[in-house]
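Structure first, commentary second.
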Amino acid sequence: MTKLIIVGSGILGLSVAEYLTREMFQGIDIKIITNNHKFSGSKAAAANLATKGQMFARDPHFELKLHGKKIYKNWIHNLIKEDNCSLSIDSIFKNGEGIDYFTSINNRDKHYLRVKQDDNLLKKRNLPTNSILKIDENKIKYLDESWVDAQELLNILKNVLIKRGVLFEANDFCQKKYHEIMIDKNIAHLIFCTGAWTKSLLENLNIQLPLQMTKQERLTLGSTFFGDNIIQNFKNHFILSEKISNDLKSKVTFSGDINKTFISSSSLRIKSIHDMNMEELNSKNNIILELAKNFLEDSPNLKEKYFYNSNEISQLNGFRVGYGHTEIILDKLNISESKIKAFVCSGAHKSGYLFAPVIGRIVQNLLFS
Ligand SMILES: Cc1cc2nc3c(=O)[nH]c(=O)nc-3n(C[C@H](O)[C@H](O)[C@H](O)COP(=O)(O)OP(=O)(O)OC[C@H]3O[C@@H](n4cnc5c(N)ncnc54)[C@H](O)[C@@H]3O)c2cc1C
């Protein structure tokens, strides 16, 4: 029996484990060691599976994410069935339109130029040229957005993994744990799915960093607000809707639908994961939430009127990390003192969720190549 240890139970740790515990992999025994950090990125994510603003030219993972999007619904559908839970697929995953709202035509056009892709490049990659459209005076419409309820997805994944016999150990992965694993002859693989903590953890364990992680690290602390019926007066069904401030520097993102809406708010650049300046984050959040509330005053041309009911809002905070334009760090680690094959698989920036249905297969190729 091959033993595999995954460190971290965010979206990527759980998705990798889900793939490697499918029937065809009988004989792999998986344990997930996790400290369930309350700022684990995934818990704060509303998980907009958006293509907006993700410019193909500079995004090396675009094709992969597009494929992930295509198979998402089916993947979740199968997980719901296996979990035997009563949730409907529609309450967890949706496809549809996304709308950006601007305060002026000028701002809309500036942004359009930024996100609109080059038609020739799109055609070359077999992608539609009309998925980003200018509509009305103040809007840009994105035709192919998707949305997933991050918390529900994590719960279902955990339930399915427990049913399949995966062990969860609630523990902090530290030097002692690492040395225990290094001398355990039954363990063949070790995968760090530790998100924003990965760099500092590897440094603590004296493991050489993957090349991508030697690029400048951008750590942020961010919040997501959510609640039932927090949007009032909103007439349209929506998947994703962003309101952009007049100076184009801030935006507030609404996702989900009227029954369960997420508001993804500001993020604050931080120097290290020990640097949690909640006061500063909360004051930034207040500015963003005011933007959500008062948007109509700044934009008299907007026909839609929606407000949130701030009494009903819950808040979750999380860390996010980025290295250049790389959106996922997937690399072999050099551990010379042991026969164990070790890897990093951690999400960066704001699209970890897009990789969830496809990441397992990629990790499988790395593990068994
Ligand atoms: C406010 C906010 C909004 C976001 N919005 C979106 C969005 O709309 N769409 C989207 O796709 N993405 C979004 N993201 C990003 C998304 O959350 C990340 O891309 C994703 O969480 C990365 O997944 P991960 O599994 O790599 O890391 P994480 O989800 O951060 O998981 C890391 C795991 O490692 C564990 N861990 C860390 N160190 C140790 C240790 N020493 N020992 C044991 N366990 C450890 C943690 O407890 C955690 O379980 C958002 C992030 C934030 C903060």
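Counting convention: from 1, in listed order, for ligands and their atoms alike. We use all heavy atoms of the structure for the numbers below, so side chains are in, but hydrogens, waters and symmetry mates are not.
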The one among G8, G41, A356, C174 that brings a heavy atom closest to atom 30 (O) of ligand 1: G41

Donor-acceptor side-chain pairing of S245 and D247 below 3.5 angstrom: yes

Looking only at distances, please establish whether an N/O atom of ligand 1 is found under 3.5 Å from an N/O atom of S346. no

Distance-only polar pair, side chains of Y323 and Q212, donor-acceptor under 3.5 Å: no

One finds that the ligand 1 atoms under 4.0 Å from a non-hydrogen atom of C193 are 32 (C), 33 (C), 34 (O)

Hey, which atoms in ligand 1 end up nearer than 4.0 Å to a heavy atom of G318? 53 (C)

We want to know whether N285 and S223 form a side-chain donor-acceptor pair, criterion being a heavy-atom distance below 3.5 angstrom. yes

Would you compute the distance between atom CZ of F39 and atom CG of N317 and round it to the nearest 0.5 angstrom? 4.5 Å

Below the 3.5 angstrom mark, is there an N/O of H37, backbone or side chain, next to an N/O of ligand 1? yes

Is the side chain of S40 donor-acceptor paired with the backbone N or O of N36 at a distance under 3.5 Å, no angle test? no

Polar atom proximity, G347 to ligand 1 (N or O, under 3.5 Å): yes

Evaluate side-chain contact (heavy atoms from CB on, under 4.5 Å) for F319 paired with W197, printing each intermediate quantity in order. CA-CA 9 Å; F319 288 130; W197 291 268; 3.5 Å; yes

Ligand 1 to W197, heavy atom cutoff 4.0 Å, flagged ligand atoms 30 (O), 37 (C), 38 (N)

Give the numbers and elements of all ligand 1 atoms closer than 4.0 Å to a heavy atom of S223. 1 (C)

Looking only at non-hydrogen atoms, which of S255, G222, G13 approaches atom 1 (C) of ligand 1 most closely? G222

Any donor-acceptor N or O pair under 3.5 Å, side chains N204, Y178: no

Under 4.0 Å from a heavy atom of F319: give me the atoms of ligand 1 that qualify, with their elements. 53 (C)

For ligand 1, which atoms have a heavy atom of G195 less than 4.0 angstrom away? 26 (O), 27 (O), 32 (C)

Decide whether the shortest distance between a heavy atom of N171 and an atom of ligand 1 is less than 4.0 Å. yes

Please say which of I244, N138, N246 ends up in a side-chain contact (heavy atoms from CB on, under 4.5 Å) with T103. N246

Short list, please: which atoms of ligand 1 are under 4.0 Å from a heavy atom of G10? 25 (O), 29 (O), 31 (O), 33 (C), 49 (O)

Below the 3.5 angstrom mark, is there an N/O of G352, backbone or side chain, next to an N/O of ligand 1? yes

Using a heavy-atom cut-off of under 4.0 Å, does the side chain or the backbone of T253 touch ligand 1, or both, or neither? neither

With atoms numbered from 1 as shown, which atoms in ligand 1 lie under 4.0 angstrom from a non-hydrogen atom of S42? 17 (O), 21 (O), 28 (P), 29 (O)

Could you tell me whether some N/O pair between T224 and ligand 1 is separated by less than 3.5 angstrom? no

Side-chain H-bond candidate by donor/acceptor type, S264 with T253, under 3.5 Å: no

CD1 of I340 to CG of D184: how many Å apart, nearest 0.5 Å? 7.0 Å

Below 3.5 Å, N or O to N or O, backbone or side chain included: is there any such pair between A196 and ligand 1? no

Starting at NZ of K339, measure out to NE2 of H189 and round the result to the nearest 0.5 Å. 13.5 Å

